[in-house]
Protein chains: 2
Amino acid sequence: MLRMSKLTDYATVILAYLARAGGELHTAADVASRTGLGVPTVSKLLKLLAQAGLVTSVRGAQGGYQLARPAEQISAADVIDALEGPVAITACSSADIQCELESVCRVGSAWQRINTAIRLALKDVSLDQLIGSPGTPRPRFDLAEAAGADTGPTARGASR
Amino acid sequence: MLRMSKLTDYATVILAYLARAGGELHTAADVASRTGLGVPTVSKLLKLLAQAGLVTSVRGAQGGYQLARPAEQISAADVIDALEGPVAITACSSADIQCELESVCRVGSAWQRINTAIRLALKDVSLDQLIGSPGTPRPRFDLAEAAGADTGPTARGASR
DNA sequence: TTCAAAGAGTACCATTTTAGTGCTATTTGA
DNA sequence: TCAAATAGCACTAAAATGGTACTCTTTGAA
Ligand code: SF4
Ligand code: SF4
């Protein structure tokens with residue numbers, strides 16, 4: 001279903017909490033209890049986010065995590081990059097993975113364009129938009145229109 | 001890595017072959033030998049594509065597959081829908097999957113927008129563009145510019 | 001000085017998903 | 001009637017995912 005991993009999703013939730021909570025330090029246990037996620041999972045994710053440079057950590061007693069930079073400067077693409085590596089919708093979109101069909105295949109370049117378009121969409125949404133009040137989702141990315149009510153409503157194909 | 005499944009990728013290759021080969025019937029074995037994929041895999045994929053209505057099949061001797069409609073009317077989104085079900089980047093993007101965080105989570109709506117944007121990008125690329133002559137990839141979707149050389153850092157030309 | 005609260009790092013396992021294969025039934029032209 | 005071809009399951013091996021456990025290091029405070 002072209003889904004991103006649950007952990008990436010959770011990471012977004014965690015970052016959103018940190019962003020909303022302000023600049024103070026928050027322990028993993030604190031974040032876990034506020035978000036409803038498991039403590040070990042939150043701990044693991046915060047570690048990864050710290051390695052990626054999205055949050056900063058303070059060790060020792062009274063330690064914790066906080067956002068490394070303002071929420072406006074953290075994009076959805078950053079989060080995905082941190083947890084899943086660069087977006088690569090096909091094998092040939094990634095530099096280190098080889099596709100043996102590459103010589104016969106003529107569709108690769110088109111997927112590259114799609115890949116780039118997706119990346120742009122991800123880059124365009126920042127954390128402060130993610131936590132924006134539910135009623136006012138201000139998309140800078142206007143393409144969302146006209147795409148039709150695909151994701152939501154009734155006719156759930158559920159073809160799986 | 002936000003990757004689509006290999007089978008979906010292969011399906012695209014198969015459809016591209018059918019599109020390029022014209023309106024005649026092609027057997028699964030034929031397609032397999034031309035694309036370099038395994039016969040059982042091709043067979044399975046063509047079955048799925050037939051169920052999704054992207055190709056039509058003729059049973060019996062001298063049977064085979066062909067595109068159900070002109071290549072211009074088959075989009076990348078169609079292919080992904082056929083094999084992976086509707087695009088749903090998060091659990092809450094899909095109607096039949098429940099996320100227990102949905103009450104606490106404030107980021108869902110933003111992901112919905114991203115989801116829609118991705119869907120639009122996929123819908124905008126049709127099969128005839130996928131097989132378009134390598135030198136003239138005409139993107140109707142101009143956003144591909146300016147996104148930077150993200151996907152192919154090094155020598156990943158792949159634009160054959 | 002000592003202790004306990006935190007994060008850092010690593011390794012591991014259970015589950016799920018993916019990819020591929022095999023087999024049988026059905027259709028249909030020759 | 002036969003053989004070529006798709007239709008439809010059912011199954012298995014391999015990989016990715018999600019979650020957990022454990023030890024090590026840092027550091028503020030008693
Ligand atoms: S070369 Fe073709 S088949 Fe291989 S990963 Fe790229 S698009 Fe897919
Ligand atoms: S509700 Fe929030 S946590 Fe749950 S799937 Fe949607 S975005 Fe992710």
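Each chain gets a letter, A, B and so on, in the order its sequence line appears, and its residues count up from 1.
No donor-acceptor pair closer than 3.5 Å links the side chain of B/Q129 to the backbone N or O of A/A110. Counting only distance, with no hydrogens or angles, the side chain of A/Q112 and the backbone of A/C92 share a donor-acceptor pair below 3.5 Å. Checked by atom type and distance alone, the side chain of B/Q66 pairs as donor or acceptor with a backbone atom of B/G23 at under 3.5 Å.
First and last contacting nucleotides of DNA chain D toward chain A (any atom under 4.0 angstrom from a heavy atom, 5' to 3' order): D/dG18 to D/dG28.
In the hydrophobic cluster analysis, where Ile, Leu, Val, Met, Phe, Trp and Tyr join through side-chain heavy atoms closer than 4.5 angstrom, A/L7 is grouped together with B/I89.
Here the straight-line distance linking atom CG of B/N115 with atom CD1 of A/I118 works out to 10.0 Å at 0.5 Å rounding.
Two residues are said to be in side-chain contact when any heavy atoms from C-beta on lie closer than 4.5 Å; A/L54 and A/R69 meet this criterion. At a threshold of 4.5 Å between non-hydrogen side-chain atoms, the residues B/L101 and A/L37 count as touching.
Using a 4.0 Å cut-off between a side-chain N of Lys or Arg and a carboxylate O of Asp or Glu, B/D81 and B/R119 qualify as a salt bridge.
Contacts with DNA chain C (heavy atom under 4.0 Å) in residues 11-21 of chain A: none are found.
When each of A/V39, A/L46, A/L45 is checked for a side chain to side chain contact (heavy atoms under 4.5 Å, CB included) with A/V42, only A/L46 meets the rule.
Rounded to an integer number of Å, the gap from NZ of A/K6 to P of C/dT15 is 14 Å.
Side chains of B/D78 and B/S75: a donor-acceptor N/O pair is present below 3.5 angstrom, by distance only.
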Protein within reach of the bases, or only the backbone? For nucleotides 2-13 of chain C, mark each nucleotide 5' to 3' as B, S or -, using heavy atoms under 4.0 Å. ---BBBBB----

